[in-house]
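Below is one structure, written out as structure tokens; the observations come after it.
Labels below follow one simple rule: chain letters A, B, ... track the order of the sequence lines, proteins then strands, and each chain is numbered from 1.
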Amino acid sequence: MAAMAVALRGLGGRFRWRTQAVAGGVRVAARGAAAAQLGRKVAVVDYVEPSPRGTRWGLGGTCVNVGCIPKKLMHQAALLGGLIRDAPHYGWEVAQPVPHDWRKMAEAVQNHVKSLNWGHRVQLQDRKVKYFNIKASFVDEHTVCGVAKGGKEILLSADHIIIATGGRPRYPTHIEGALEYGITSDDIFWLKESPGKTLVVGASYVALECAGFLTGIGLDTTVMIRSIPLRGFDQQMSSMVIEHMESHGTQFLRGCAPSRVRRLPDGHLQVTWEDCTTGKEDTGTFDTVLWAIGRVPDTRSLNLEKAGVDTSPDTQKILVDSREGTSVPHIYAIGDVVEGRPELTPTAIMAGRLLVQRLFGGSSDLMDYDNVPTTVFTPLEYGCVGLSEEEAVARHGQEHVEVYHAHYKPLEFTVAGRDASQCYVKMVCLREPPQLVLGLHFLGPNAGEVTQGFALGIKCGASYAQVMRTVGIHPTCSEEVVKLRISKRSGLDPTVTGCG
Amino acid sequence: MHNVLTRFDFVLIKHSQNTFYSFIKQLNSNFENKCFYFRNFHFVNFVSICFNTQNKIDLNKKNKTIFCKHKSLHNYKYSICNNSYRNSDYIAKMSSEKNVKKHCEHVNLRGENCSVCNNVMESKESKLENGLSNMHSYDYDYIVIGGGPGGMASAKEAAANGAKVLLLDFVKPSNQGTKWGLGGTCVNVGCVPKKLMHYAGHMGSLFKLDSESYGWECEKIQHDWDKLINTVQSHIHSLNFSYTVGLRSSKVKYINGLAKLKNMNTVSYYLKGDKTKEVDVSGKYILIATGCRPNIPEDVEGAKELSITSDDIFSLKKVPGKTLIVGASYVALECAGFLNSLGYDVSVAVRSIVLRGFDQQCANKVKTYMIEQGILFLDGILPKKLTKENNGQIKVLFSNGNSELYDTVLYATGRKGDTQGLNLQTLNITVDKNSNKIITDKYSSTNISNIFAVGDVAFNCPELAPVCIKAGEILARRLFKKSNEIMDYTYIPTAIYTPIEYGSCGYSEEKAYDTFGKENVEIFLQEFNNLEISAVHRKKHKKAQKDEFDIDIGSTCLSKLICLKNEDNVVIGFHYVGPNAGEVTQGMALALKLKVKKSDFDNCIGIHPTDAESFMNLSITLSSGLSFSAKGGCGGGKCG
């Protein structure tokens, strides 16, 4: 997909804009709208290149169409499956097992996404942002062009151009049959029929989230991981996420890499893989193979070289400075398309908002990329903010870091006899009083809701002592954070007892 | 100034310098900022202060002279004289007066002064000396009356710091004969069973209202009350057991006995409530943590006999059926909520407003959602008379003259301190007449300095388990660990588990206007739809649909920040109505304690898609008059 925001006044027969953005929907919408509110003329250029499987979607970018929103809704469906299994403990008489109907879920999710697409369009109109559904590329450093549906070429020029085209899932094109038979997260949410028995390849959060909800709605799901899961996240937490998924029914093939995919006469997909340590080959049959091995920036079709915008030779992502400026002074880039930025919607939105305020609002506030909280919506959710334990140790040294932790048991789990071995929270602090909090890691239900407030506290410079002075809300899971007493260094058992 | 002094009948101290010195020393181990006493008091030979019943202060001449000799002591005299229970009130009063700077410098001392007086007041000379010279002559260092969260936490903390501790707990059966085990209200008839039942109700709503769209077919499910009660009660029993074990392993002596105070150092108890077996024990310090019990008004005929309360609902043997809830407290609304979600017909009789003391915009949002889910609110109507019908139903005659039959009537019209029977009047421990709660100072001390009260039984203390746990632990550390920490009662977060939950911390809109003036308060707010609920178009209950087009429920969530305009929009109130309110509010409470500003919220990045992230996005002020309903439908976020 490609979108640009462009701003301006018409000059002659051509459009001329003060700000223009080529950008992945979400961000541009935010930024474009903001610029329009600041009195500039803004255009958004957005076009979704269909996935290799032919999946296409509307305005709003990855998050709304093939990311956060459908993901969270399918995650909710999976959580409901868990509740149904717990139901008898709470007095609900349900004939077990309750089958799951993919079509019904997909229909609800897709309808909701379409209603959001519509909402975004209306909002752009309300804010007087001109929207072009065209695939744009640079003609020169002030001009982009694209072809409209009727075949008419449209040229747009602007004083400022913002690129926010995001990323798309990467296909392992070197693997035979990968492109032909595999799908990605661009497709899974738009499938009309159940994917059936699924192999998810990859160890990113996208891979684990997809595998998690597929397992949760009752599908036979396997994840194939070559090296470490959730790279970049705290590794103790990551391995607990995997442990939980395993106990939850997801199968894992660790240290394996696929080598080819074939379609069998009966329509199933036969995947061959190699065990990376032994070199032994193995095969399995699946209905669906989902690649979630990372994302590539959507920069190829932009003709960036015509505008002179530099990209990273390794990742093809756009290089920017702390002001989100590219190598061309009036061209900016934000969001997933940028090198070294967290691939998160709210981060992109805020970066866009601050950028426009700098451009047109006389502000000088820069985006702070530290302490960006996030949550992985695996069956047991993982929320985090700040440094991982490894990073903290690397930056400050083992002897200057104190980690407080607890294994807790959510009240609702206890009663339903659910295993809570992975419900865990840890807070990474400096050791010297008042023990500034460097990072918080929370594994358990509603991790996103739990983490948000603490992220705010940590941004305000919370110390361990201050966290301990905060009164808990009983009975919640988040109160475990303000009850953290046991340090790893003490070697004491961090299991919480009490009413949970 | 003398009129500030109200509660002391007399104080008399007369003893040698040495005794006083060691007395002060002992105090020092318990209270902060004591060096002052050392510096200024060790050369005082006699201190004798009389507070007569007319609340006038009599210093005998000799002492007056001594005081006057030393300037600092002169101030100190005032401190002593102007002693008051409610130190914070007093400080406020002092600060507002002119020319009191000198006194205010000593304001921090006042709490301690209070203690000095209190201690001495109640100690006859001989007793004081006795107490000091025989510090280990009591059976226990610490006797805790009441085995709820506050009592247990304080007992364990004290034992962990080397004190010899006795905990007495005995549950008096409810009007309906319901009894329970160790652990207090929270575990047995409060937070724990309430949250479990709320969760069961929440499940029911998800199954009945949302599950089909999520691909699951379980809409026609039935609920089995007995099974739920079974689950809840067996969990509670396991907790009761674990508490007994926990006390034992913490080396706290636990006795199942009904306690009362005999004198300031002696507690007598009836073993297992048996009035024939009275036993006396003595303790250096005594903590009262007996909590509260539901209050049923005396003036409604048949109410005490026929209705149940929250003491009974969680172990109710018979299916509740058609239920009338009387009251609009959070207990009332929570019970109404889960009963309705479990499939029972529920009405709530509300005298005036719901959730008094909470932000009323939020309270009404909670109420609106409950109405949408089929709960009938009887506004401004109260029962006048309850009678039992032959078929076992209860006929309720209402104040408007109507009457209606119910299977169950549950009263949730407030709670009163469980202090009757403690014999507080003999020791002249001050109790608030209305609430039967014990008046304490900021050190959790009653007017008798070695007797303390924490938790729901303490007047003006929020009735929340984590608050009393903290207060109890802090008290134990002050008594036995030479800590000088005091409980901070500001920015205590809480969550209400109504069908749509409500979490709050700090000032409500109303209280902020009252305290700071409407013109100084800025309110940022947003109404929005929770993603998971709006995506599947959760329906209103048929009873709540006005016509065939009035199907979908209204917006589920409200996020609201109360800020002070003149102080850079520092946030003094946080309010959230929506799912998982407790989880959302906890971390925010930390931020509020850190004096978070609106701009900090704006600069914090949201976690998408959550409801909590809505707070990172608030741009509409209430005063602007603009619509604060969010457009779009991706939950609390703005993904487009």
Once rounded to the nearest 0.5 Å, what's the spacing between atom CD of Q452(A) and atom SG of C604(B)?
5.0 Å
Measuring from atom NE2 of H537(B) to atom CG of N111(A), what distance do you get when rounded to the nearest 0.5 angstrom?
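The distance works out to 7.0 Å.
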Quick one: list whatever passes side chain to side chain contact (heavy atoms under 4.5 Å, CB included) with Q110(A), sequence neighbours left out.
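Side chain to side chain contact (heavy atoms under 4.5 Å, CB included) check on Q110(A) returns A106(A), W190(A), K192(A).
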Nearest non-hydrogen partners of Y214(B) and H100(A), listed with the distance
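Looking at all heavy atoms of both residues, the shortest contact is O-NE2, 2.7 Å.
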Which bit of [X] comes within less than 4.5 Å of chain B, counting heavy atoms only: side chain, backbone, both or neither?
X	result
M367(A)	side chain
V98(A)	both
L440(A)	neither
T374(A)	backbone

Which of [options] touches chain A most, by non-hydrogen pairs under 4.5 Å:
options	value
D600(B), V596(B), L196(B)	L196(B)
K195(B), K227(B), M588(B)	K195(B)
I492(B), I474(B), D210(B), N580(B)	N580(B)
E212(B), M197(B), K595(B)	E212(B)
V536(B), V232(B), D602(B)	D602(B)
P493(B), G183(B), A495(B), A591(B)	P493(B)

In the structure I gave you, are the side-chain heavy atoms of [X] and [Y] within less than 4.5 Å of one another anywhere?
X	Y	value
I605(B)	K459(A)	no
P346(A)	M616(B)	no
Q466(A)	L594(B)	yes
L83(A)	Y199(B)	yes
M487(B)	V471(A)	yes
I217(A)	W216(B)	yes

Test log, rule side chain to side chain contact (heavy atoms under 4.5 Å, CB included), inputs L80(A) and F207(B)
CA-CA 8 Å; L80(A) 263 174; F207(B) 296 157; 4.3 Å; yes
Closest-packed option against chain B by number of heavy-atom pairs under 4.5 Å, given S115(A), A95(A), G461(A), C68(A)
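Highest number of pairs under 4.5 Å: C68(A).
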Decide yes or no on side chain to side chain contact (heavy atoms under 4.5 Å, CB included) for L590(B) and V482(A), but give the supporting numbers first.
CA-CA 9 Å; L590(B) 167 66; V482(A) 301; 5.8 Å; no
Qualifying ring-ring contact (aromatic ring centres under 6.0 Å, His included) pairs, either residue in residues 581-602 of chain B, two or more places apart:
none
Give a yes or no on whether the backbone of [Y] and the side-chain of [X] come within a donor-acceptor separation of less than 3.5 Å.
X	Y	result
Q222(B)	E93(A)	no
E479(A)	E583(B)	no
H223(B)	Y90(A)	yes

Where do D488(B) and R469(A) land on the side chain to side chain contact (heavy atoms under 4.5 Å, CB included) test, with the steps shown first?
CA-CA 8 Å; D488(B) 176 5; R469(A) 276 203 289 275; 5.7 Å; no
Chain A heavy atoms under 4.5 Å from T494(B): which part of the residue, side chain, backbone, both or neither?
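Only the backbone of T494(B) comes within 4.5 Å of chain A.
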Measure distances from D226(B) to the heavy atoms of chain A and classify the residue's part below 4.5 Å as side chain, backbone, both or neither.
neither
